[in-house]
Amino acid sequence: MAKFDKSYHLFDRASKVIPGGIPGHQSPMLLVFGASPCFIERAEGARFWDVDGNEYIDYMCAYGPMVLGYNHPKVEAAARAQGKKTDTGNLPTERYVELAERLVGIVPIADWAIFGKNGSDVTTYACRVARYQTGRNKIIMIDGCYHGIGAWCTPISAGITAGETADMLTFNYNDIEQFKRIVAENKDDVAGVILTPFRHEALHDSEMPAPGFLETVRKTCDDIGGVFIVDDVRAGFRMHMGGSLEKFGVKPDLICFSKALGNGHPISACVGKESLRSAASQVFFTGSFFTSGVPMAAALATLDEMEATGAIEIMYKNGEMLKDGMLDQADTYGQQVNYTGPETIPFMTFAGEDGWDKAKVFCEECYQRGVFFHPFHNWFISSAHTEEDIKKTLDATDAAFKRVKEKMG
Ligand SMILES: Cc1ncc(COP(=O)(O)O)c(C=O)c1O
């Protein structure tokens, strides 16, 4: 029986010295409070161990970064080798140039790349590039979509002024008519559009782009001279090595990457087209750690390993096995579920639920059986997940569906 005594003792200590204890997406309030762990002790491959010694096959992958699995030997060896030489310094290292060259080589739309630390750094930067390029103010985004903690997009309004969001226009995902209307009403002031490759915000079924949606955004940006930005921070390198929109055959102007790029090492990148190079070089973008060598060495090793092993195909294959197995089980136990998103970034909700009660019961049973899912945030597959892991996972999910049926019908 998994217990979480040390986790909650640590959380009490954290709450005394850190506002909110664990603020943000890793808060235990956002899992199954009291029945899920709060702190990690160690992690390896597709597994992690919490501070109470409970072991989990992990389907959150640190909310995306662990694309090859935790503590990947080749990535960590590259990081260590760079660390022995230098990490954060007065000047960038050779890795900085190599990584930009590498991204320009693998991402078809990329003629240049620039680096930050977090996804928020580059999504904010991309909007500024769009504004500087066009001399216009408005950025169009999907209502409710997450692009980070920039004042322009943070979903929680505490501490944000009305002025900071005044130039954002929102529309509903896949609503082509509403999008066209907003553009028509603001045409002379639209600098660009920022979209994730598919809709994947928390507390929602994921949604793939409707036929013609991405093409309409592309054409509209061309017609009005606006910049099409793709926020690939969450999905990047789990759908296509060249940026997720390659999957749909649509070419944006700017792409923001982070999470999977360094397999857990802190790095983000914005890549873009030649036509935006001048604007990109004039928008002020710098940070004490933006050029650190270790995450860049890790990112180079991550990209090499992903290409060498066909990591994305492995993730799709195992993700498909998980999906098929869980859908069969849901059927067996008479549960209506929505299994959405690409197989590499899947999500499952219980259809027609008002709250998240079934999802929490489901996850609680999975935690007890050593499998880590999130009740209301999309999941992630890594290439470290094996067929054997998926089989073990399906044993746990079978019991979890059974428990949901017994407890909640
Ligand atoms: C789509 C998307 N954009 C931007 C961000 C922000 O990235 P970060 O948390 O690294 O600032 C996230 C983080 O989850 C994200 O999912």
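When a ligand or atom number is given, it counts from 1 through the structure's own listing order.
Aromatic pair F290/F285: centroids less than 6.0 angstrom apart. In this structure, the ring of H385 has its center less than 6.0 angstrom from the ring center of Y59.
Sorted by chain and number, the residues within 4.0 Å of ligand 1 by heavy atom are N118, G119, S120, Y146, H147, G148, T196, H200, D231, V233, R234, K259.
Residues in residues 280-308 take part in these salt bridge (charged side-chain N to carboxylate O under 4.0 Å, His left out) pairs, two or more places apart or across chains: K74-E305, R102-D304, R102-E307.
By the side chain to side chain contact (heavy atoms under 4.5 Å, CB included) test, D188 pairs with no residue at all, sequence neighbours left out. Applying the side chain to side chain contact (heavy atoms under 4.5 Å, CB included) test to D52 and every residue at least two apart in sequence or in another chain returns F4, D5, K6, S7, D50, N54.
T123 and D231 share no side-chain donor-acceptor pair at under 3.5 Å.
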